[in-house]
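Single-structure report; data block below.
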2 protein chains.
Amino acid sequence: MNEALETSLRLVRAQAALVKRFDARLSGLHGVSFADLAVLRCLGQAEGGRMRRVDLAQALGLSASGVTRGLIPLERIGLVVREPDPRDARVAYAALTPTGRERLDEMERTAAEVAESVFTGEVWEGGGLATLVDLLDALEGSAGAGAARSRKRTESTADRHG
Amino acid sequence: MNEALETSLRLVRAQAALVKRFDARLSGLHGVSFADLAVLRCLGQAEGGRMRRVDLAQALGLSASGVTRGLIPLERIGLVVREPDPRDARVAYAALTPTGRERLDEMERTAAEVAESVFTGEVWEGGGLATLVDLLDALEGSAGAGAARSRKRTESTADRHG
DNA sequence: CGCCAATACTTGAGTGCTCAAGCTTCTGCT
DNA sequence: AGCAGAAGCTTGAGCACTCAAGTATTGGCG
């Protein structure tokens with residue numbers, strides 16, 4: 001009956017392997033990680049190539065601070081700039097630069113190659129890919145739903161590290 | 001056309017959400033993370049409840065140092081002990097303690113509940129779960145295959161073809 | 001035996017994420 | 001208008017992983 005549990009564990013391993021593969025290729029060719037690509041892609045698809053950090057976090061499933069920190073290297077290498085909002089001084093948009101847009105294009109081509117090389121074979125071409133997307137979609141909804149507020153891990157038995 | 005890429009990104013998000021969910025529950029009830037559970041489960045299924053660290057790393061898809069560090073808290077809370085090998089002084093087995101075995105049992109029950117609560121619904125009960133396992137299995141093989149040691153400096157901008 | 005490469009593991013430095021706490025700015029209530 | 005609280009973001013501390021380099025130990029080979 002722990003078929004569901006088994007599946008979850010497999011999902012984690014598959015994801016780790018997949019990400020390593022993307023990272024190896026992307027970092028070699030473009031000096032970015034797969035996570036960076038996700039950020040850039042998100043911006044690229046947004047209206048005007050820019051988004052509020054909060055919305056970016058939401059879209060990526062990250063925390064706000066994760067976004068702040070993840071943007072730093074992208075700003076430093078000039079793919080993204082920080083833009084203020086004239087109406088609300090709290091918000092700082094993250095906006096794709098022209099360079100960023102170009103580089104994103106190249107990165108997506110690289111990533112698409114990797115993705116295709118991974119998803120080759122009968123299983124995938126026979127509709128498996130579409131099925132997987134559907135299942136993952138369902139999963140993300142279902143798993144994200146109740147996952148919101150967790151708390152820290154210690155308190156009781158485990159006293160992690162020092 | 002980058003359906004494969006899209007799928008990869010979704011996989012990452014789904015996995016993150018799923019892990020958060022497990023972590024929240026497991027940490028609240030047992031003071032361990034989902035990753036810890038994976039380790040313990042691995043040991044639990046091994047002959048004699050113990051494994052060499054190297055083999056553990058292999059089974060979990062981690063590096064050797066990841067295992068060393070991941071075991072520290074489990075040793076500290078007494079779920080795992082370090083056991084020397086009488087024939088080879090280099091190896092240090094990680095072995096489940098009796099307590100560890102008991103606790104693992106409880107954890108697995110908790111985790112199974114979470115997993116089942118996530119994988120509830122028509123999609124999953126109608127064979128979706130089995131399909132997902134198959135797909136993930138295929139994926140792990142395919143993604144893990146070429147991911148190993150690519151620290152090379154490929155300079156040209158990709159011209160691979162099928 | 002003496003040496004050397006391979007193996008098992010640990011440690012140091014660095015990355016990428018998290019939560020909690022902080023600052024600034026905006027909004028709604030009275 | 002004035003203040004409380006919410007919203008957006010950043011920062012500090014910490015965890016979990018990585019690779020690279022370091023320490024033992026083993027085993028093959030002269």
Side-chain angles (χ1 to χ4, degrees), chain A residues 12-13 15-17 19-21 23-24 26-28 31-39 51-58 60-76 82-94 147-155 158-162, chain B residues 12-13 15-17 19-21 23-24 27-28 31-39 50-58 60-76 82-94 147-152:
Chain A
V12 173
R13 287 212 306 276
Q15 184 261 3
V19 168
K20 264 176 210 157
R21 188 132 172 184
D23 277 349
L26 286 172
S27 115
V32 299
S33 68
F34 193 45
D36 292 333
L37 174 59
V39 171
M51 287 177 86
R52 302 191 316 165
R53 279 144 141 86
V54 157
D55 298 331
L56 200 47
Q58 162 84 31
L60 295 167
L62 296 182
S63 66
S65 57
V67 169
T68 293
R69 299 194 147 107
L71 284 173
I72 293 173
L74 297 177
E75 287 169 356
R76 187 167 48 232
R82 180 191 197 77
E83 283 182 1
D85 183 330
R87 316 194 152 250
D88 188 338
R90 288 172 302 181
V91 346
Y93 287 93
R149 281 133 298 298
S150 58
R151 60 164 56 144
K152 229 178 137 203
R153 146 232 263 20
T154 51
E155 302 288 353
D159 184 35
R160 244 136 159 127
H161 230 78
Chain B
V12 173
R13 287 211 306 277
Q15 183 261 5
V19 168
K20 266 177 210 158
R21 186 128 173 187
D23 277 350
S27 115
V32 300
S33 69
F34 193 45
D36 293 332
L37 175 58
V39 172
R50 57 181 219 159
M51 288 177 85
R52 303 192 317 166
R53 281 145 142 86
V54 160
D55 298 330
L56 201 46
Q58 162 84 31
L60 294 166
L62 296 182
S63 64
S65 56
V67 168
T68 293
R69 299 193 148 107
L71 283 173
I72 293 174
L74 297 177
E75 286 169 358
R76 170 142 50 217
R82 181 191 197 78
E83 283 182 1
D85 183 329
R87 316 190 157 251
D88 189 338
R90 286 172 303 181
V91 348
Y93 287 94
R149 268 309 69 93
S150 7
R151 175 59 204 127
K152 65 155 121 186

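Just so it is clear: chains get the letters A, B, ... in the order the sequence lines come, proteins before strands, and each one is counted from 1. Please read all numbers here as calculations on a predicted model, not as lab measurements.
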Over all atoms of both residues, closest heavy-atom pair of A:Ile72 and A:Thr68: CG1-O, 3.3 Å
Separation of atom CG in B:Leu56 from atom P in C:dT10, rounded to whole Å: 11 Å
Rounded interatomic separation in angstrom, taking CG from A:Asp23 and P from C:dG16: 9 Å
Stretch residues 86-93 of chain A: residues that reach within less than 4.0 Å of DNA chain C through a heavy atom: A:Arg87, A:Asp88, A:Ala89, A:Arg90
Nearest heavy atoms of A:Leu56 and A:Ala94, plus distance in Å: CD2-CB, 4.3 Å
Length of the line joining B:Leu71:CG and C:dT11:P, which is rounded to integer Å: 13 Å
Donor-acceptor pair (no angle test) under 3.5 Å: A:Arg69 side chain, D:dG12 base: yes
Shortest side-chain distance from B:Arg82, nucleotide among C:dC9, C:dC17, D:dC9: C:dC9
Distance in angstrom units between B:Arg52 CZ and D:dA24 C1', rounded: 15 Å
Exam field: side chain A:Asp23 to backbone A:Lys20, donor-acceptor pair closer than 3.5 Å: no
Shortest side-chain distance from A:Lys20, nucleotide among C:dT10, C:dC9, D:dT18: D:dT18
CD/A:Gln58: more than 12 non-hydrogen atoms of other groups inside 6.0 Å: no
Spacing of A:Glu83 atom CD relative to D:dC9 atom P, expressed in whole Å: 13 Å
Interatomic distance where CG belongs to A:Leu60 and P belongs to C:dG16 [whole Å]: 15 Å
Any donor-acceptor N/O pair under 3.5 Å between D:dC17 base and B:Ser65 side chain: no
Closest heavy-atom pair and its distance - B:Asp85, B:Tyr93: OD2-OH, 3.2 Å
Phosphate-side-chain proximity, B:Thr68 and C:dC9, N/O vs OP1/OP2 below 4.0 Å: no
Nearest-Å distance for atom pair CZ/C1', residues A:Arg21 and D:dT18: 19 Å
Interatomic distance where CD belongs to B:Glu75 and P belongs to C:dT10 [whole Å]: 8 Å
B:Arg53 side chain vs B:Ala64 backbone, donor-acceptor pair below 3.5 Å: no
Residue whose nearest DNA chain C nucleotide is more 5′ - A:Gly61 or B:Arg53: B:Arg53
Nearest heavy atoms of A:Phe34 and A:Leu26, plus distance in Å: CA-CD1, 3.8 Å
